[in-house]
Amino acid sequence: MSTPPLVAAFYEQIWNCGKVEAARELLSEAFVFRGSLGAEVQGRAGFVAYVGAVRSALADYRCEILECVSEGNRAFAQMRFSGRHVGVFRGCAPTGKSVHWLGAALFQFEGPRIAQLWVLGDLASLDALLQANQAA
């Protein structure tokens with residue numbers, strides 16, 4: 001199965017390129033987001049703030065879709081997240097070192113937009129890597 005264009009555009013435009021203005025065309029007005037790095041946010045503005053916080057702590061931030069399946073109005077993606085730690089992130093001072101972790105994302109679509117997204121990340125391995133980078 002191939003990745004739905006909406007999912008590919010979401011990661012490429014908003015996360016990888018930082019074009020948060022794309023949220024208007026890709027996300028529903030009442031978009032609900034539950035990310036593994038923070039609390040649930042509702043609406044585009046809350047999500048854009050979340051994106052900004054992550055991208056300011058992790059330069060060169062990338063979301064790589066490893067595999068994606070979709071059925072009806074839902075898609076599920078296996079993900080790899082990465083970036084260079086340049087700002088306080090998960091309570092750790094910046095090290096300038098690369099970090100990465102795996103995760104999964106469950107999308108729900110409403111017409112031509114993403115209505116809900118729930119992301120689960122392997123935070124145990126991320127935190128271990130952050131701590132190892134701090135100690136090095």
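For clarity, every value in this text was computed on a predicted model and none was experimentally measured.
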Start with the C-alpha gap between I114 and F10, add the side-chain angles, then the distance that decides, and say whether side chain to side chain contact (heavy atoms under 4.5 Å, CB included) holds. CA-CA 9 Å; I114 300 167; F10 171 79; 3.7 Å; yes
So, do S82 and S98 sit near enough that their side-chain heavy atoms are less than 4.5 Å apart? no
Please assess N73 against Q108 for the test side chain to side chain contact (heavy atoms under 4.5 Å, CB included), listing each intermediate value before the final yes or no. CA-CA 6 Å; N73 71 337; Q108 183 175 335; 3.9 Å; yes
Once salt bridge (charged side-chain N to carboxylate O under 4.0 Å, His left out) is applied, do any residues pair with D127, and if so which ones, sequence neighbours excluded? R90
From CD (E67) to CZ (F76), nearest 0.5 Å: 9.5 Å
Path from L123 to V119 over hydrophobic side-chain contacts below 4.5 Å: yes
Scanning both residues in full, the closest heavy-atom pair of G96 with R84 reads O-CG, 3.0 Å
For S56 and A53, which heavy atoms make the closest approach, and how far apart are they? OG-O, 3.0 Å
Taking the side chain as every heavy atom from C-beta outward, state whether T95 and F89 have any pair of such atoms under 4.5 Å apart. no
Looking at every heavy atom in both V86 and P94, which two are closest together, and how far apart are they? C-CB, 3.3 Å
Please report the interatomic distance CZ(F107) to OG1(T3), rounded to the nearest 0.5 Å. 9.5 Å
Under 3.5 Å, which donor-acceptor pairs link side chains of residues 30-52 to any protein atom two or more places apart or in another chain?
{"from": "R34", "atom 1": "NH1", "to": "G38", "atom 2": "O", "distance (Å)": "2.7"}
{"from": "S36", "atom 1": "OG", "to": "G121", "atom 2": "N", "distance (Å)": "3.2"}
{"from": "E40", "atom 1": "OE2", "to": "Q42", "atom 2": "NE2", "distance (Å)": "3.3"}
{"from": "R44", "atom 1": "NE", "to": "L27", "atom 2": "O", "distance (Å)": "3.0"}
{"from": "R44", "atom 1": "NH2", "to": "R24", "atom 2": "O", "distance (Å)": "3.4"}
{"from": "R44", "atom 1": "NH2", "to": "L27", "atom 2": "O", "distance (Å)": "2.9"}
{"from": "Y50", "atom 1": "OH", "to": "L37", "atom 2": "N", "distance (Å)": "3.3"}

Please identify each residue that fulfils salt bridge (charged side-chain N to carboxylate O under 4.0 Å, His left out) with E12, with sequence neighbours left out. R62
Among the clusters formed by ILVMFWY side chains lying less than 4.5 Å apart, do I65 and W15 turn up in the same one? yes
Pair K19, I14 - check side chain to side chain contact (heavy atoms under 4.5 Å, CB included), show working. CA-CA 5 Å; K19 296 179 182 175; I14 295 174; over 6 Å; no
Nearest 0.5 Å, what's the CZ-CG distance between R55 and D60? 8.5 Å
Please report the closest heavy-atom contact between A115 and S28, naming both atoms and the distance. CA-OG, 3.5 Å
With rounding to the nearest 0.5 angstrom, report the OH to CG distance, Y11 to N16. 10.0 Å
Determine whether R113 and L26 satisfy the following criterion, side chain to side chain contact (heavy atoms under 4.5 Å, CB included), listing intermediate values before the conclusion. CA-CA 5 Å; R113 291 187 172 82; L26 299 174; over 6 Å; no
Using a 4.5 Å cut-off on heavy atoms from C-beta on, say whether the side chain of L102 contacts that of M79. no
Near E25 CD, under 6.0 Å, is it more than 12 heavy atoms from other residues, nucleotides or ligands? yes
Over all atoms of both residues, closest heavy-atom pair of G103 and F81: CA-CE1, 3.8 Å
Taking atom CG of L130 and atom NZ of K97, what is their separation to the nearest 0.5 Å? 11.0 Å
Atom pair CG (L58) and NE2 (H85), whose distance is rounded to the nearest 0.5 Å: 6.5 Å
